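Predicted model only: the values in this text are computed from it and were never measured.
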Amino acid sequence: MDGFSGDVDLEDLDLDSDADDSGEADEASRGLFDDLLEGEPIFENKEVLRPSYTPHKLPHREEQINNMATILVTALRGETPSNILIYGKTGTGKTASAKFVSEELETTSQKYEVPCEVEYINCEVTDTQYRVLAQLANKFIDKNGRYIENRLEELGDLRDRAAEDPAELDDTDFDSVAAVENEITSLESDLEEFDPVPMTGWPTDRVYSTFFDAVDYHERVVVIMLDEIDKLVEKSGDDTLYNLSRMNSELDNSRVSIMGISNDLKFTDFLDPRVKSSLGEEEIVFPPYDATQLRDILQHRAEIAFKSATLSDDVIPLCAAFAAQEHGDARRALDLLRTAGELAERGRTETVEEAHVRKAQEKIELDRVVEVVRTLPTQSKLVLYATILLEKNGVHNINTGEVFNIYKRLCQEIEADVLTQRRVTDLISELDMLGIVNAIVVSKGRYGRTKEINLSVPLDETEAVLLSDSRVGEVEDAQPFVQARFDN
DNA sequence: TATCCACCGGAAGGTCTGGACT
DNA sequence: AGTCCAGACCTTCCGGTGGATA
């Protein structure tokens with residue numbers, strides 16, 4: 001899941017922005033929502049355009065899906081499937097395909113009564129060894145709880161029947177009613193033993209053994225799906241993967257298989273060779289979609305999402321073309337289409353036109369920037385604000401020293417802690433990675449080596465977002481700081 | 001050609017928070 | 001109350017560096 005794809009939801013609340021509220025004040029009796037409700041809606045079912053929607057059909061991914069299924073089918077025979085690594089850029093359908101396959105796997109396993117479970121973890125959110133293990137442990141403790149409750153129900157039933165007719169025990173593992181009673185008591189005590197793992201506080205090895213015990217509690221094949229696995233490795237090394245991949249040799253009852261999903265083709269370079277070979281037993285690559293394929297996907301979803309004849313002919317090809325430029329990102333294409341539809345709806349037009357797509361493209365980008373900037377920590381905001389002030393005064397190719405000077409003055413003004421230049425360098429690099437600034441290291445010969453920083457987002461909008469922060473907003477007139485820079 | 005600027009960026013370690021355990 | 005642990009966020013230290021200039 002990525003709740004962070006820039007799809008800020010304005011459609012319901014943001015009525016005063018660019019909606020056509022050209023004031024029909026005479027119709028005082030009309031409620032706020034009446035107009036909006038009455039307009040001929042363009043959407044039939046908008047949900048299918050959202051990233052959270054898992055489609056039942058994934059065009060142009062049949063090959064990858066078949067591959068996955070071929071590997072995972074061993075789970076249904078009660079054997080351990082090979083570990084799988086899935087590669088592909090964002091929006092190439094990795095997660096959707098993997099989720100689709102795992103859902104199928106779980107339903108089939110129920111049909112044939114082979115115990116097989118899939119657990120999904122997004123490592124962008126859960127990005128430390130402790131958290132991954134704790135989350136997995138808790139999920140399995142939960143499942144075990146349910147498993148025990150079911151089993152207790154069955155056994156209770158069996159006990160009652162056996163009390164009347166001992167022949168009921170013939171086909172079971174129990175030879176007497178007392179044996180059933182024993183099993184029930186032991187299960188009941190097991191149920192009490194399972195404590196959930198707290199968010200923090202335990203030593204990691206304890207979390208690991210809790211997780212281990214929970215998985216091994218009864219016979220089953222477990223597939224652990226680690227989405228954005230590269231983020232996990234980047235942040236906390238390969239310990240987690242090492243532990244997970246060698247689990248099988250110690251498990252008595254269950255089998256574990258790992259399915260890693262990565263955006264980064266080269267992330268295995270950072271791995272311990274043992275982990276690398278065990279994890280990459282099978283590799284599946286999801287190539288980016290090309291414009292034609294994106295068009296197919298959009299066409300397919302648009303048929304469900306929009307009312308008929310509401311899309312003009314060039315809308316889908318244009319969305320596909322825009323998204324194909326962004327490395328064939330289908331999620332982006334769907335976002336564009338949805339936003340274009342929303343803009344058309346708000347503009348009270350009956351069809352979605354090419355212009356709406358272009359507007360949507362701008363809006364999505366701006367929304368992303370606003371969201372990223374808004375959620376920045378105060379110190380980063382100050383660093384960014386310093387950059388903006390310089391840029392506003394016509395300084396281009398700003399270097400670290402200049403940013404740091406302005407930043408220091410800003411901090412003094414609002415009485416915030418002043419970080420060291422070393423730390424500020426890191427914050428600048430972070431802003432660079434977020435795509436808010438563009439910082440490249442250049443050498444100016446005799447005049448040193450520094451970063452050359454340029455803003456890569458719209459200046460005024462970004463400044464407005466920064467100033468809406470309660471701390472940063474305290475800087476009333478920043479002009480003197482910049483002026484001081486020119487003075488000395 | 002050697003020098004030297006103005007910072008880069010890795011490593012290591014400190015401090016604080018928030019929680020569990022004894 | 002005191003101890004332990006993980007993790008976030010910083011600081012300190014310091015070797016490294018590309019290329020204009022003396």
Rounding to a whole Å, what distance do you find between [X]:[atom1] and [N]:[atom2]?
| X | N | atom1 | atom2 | answer |
| --- | --- | --- | --- | --- |
| A:I440 | B:dG9 | CD1 | P | 12 Å |
| A:I428 | B:dA6 | CD1 | C1' | 13 Å |
| A:D432 | B:dC7 | CG | P | 17 Å |
| A:K444 | C:dG18 | NZ | C1' | 13 Å |
| A:L232 | C:dG7 | CG | P | 11 Å |
| A:L419 | B:dT15 | CG | C1' | 14 Å |
| A:E452 | B:dC5 | CD | C1' | 15 Å |
| A:N399 | C:dG18 | CG | C1' | 16 Å |

Salt bridge A:R331-A:D335, side-chain N to carboxylate O under 4.0 Å: no
Short N-O contact, A:R255 and A:E79, less than 4.0 angstrom: no
What's the closest nucleotide to the [X] side chain, out of [options]?
| X | options | answer |
| --- | --- | --- |
| A:S443 | B:dG9, B:dC7, C:dG18 | C:dG18 |
| A:K451 | C:dT21, B:dG9, C:dC9 | B:dG9 |
| A:R422 | B:dA6, C:dT12, B:dG19 | C:dT12 |
| A:R446 | C:dT12, C:dA6, C:dT21 | C:dT21 |
| A:T204 | B:dC7, C:dA6, B:dG19 | C:dA6 |
| A:R131 | C:dG7, B:dC7, C:dA22 | C:dG7 |
| A:Y447 | C:dA20, B:dC7, C:dG7 | C:dA20 |
| A:R423 | B:dC8, C:dT11, B:dC21 | C:dT11 |

Exercise: do A:D190 and A:Y217 side chains pair donor with acceptor under 3.5 Å: yes
Sugar-phosphate, base or nothing in reach of A:V207, heavy atoms under 4.0 Å: nothing
[N], OP1 or OP2 - any side-chain N/O from [X] closer than 4.0 Å?
| X | N | answer |
| --- | --- | --- |
| A:R449 | B:dC4 | no |
| A:T425 | B:dC8 | yes |
| A:T128 | C:dG7 | yes |
| A:T400 | B:dA6 | no |
| A:W202 | C:dA6 | no |

Atom CD of A:E250: over 12 foreign heavy atoms under 6.0 Å: yes
Given DNA chain B, 5'-ward residue of the pair A:P198 and A:T450, judged by closest heavy atom: A:T450
Sidechain-backbone polar pair: A:K94 side chain, A:K89 backbone, donor-acceptor under 3.5 Å: yes
Main-chain N/O of A:G93 paired to A:S97 side chain as donor or acceptor, under 3.5 Å: yes
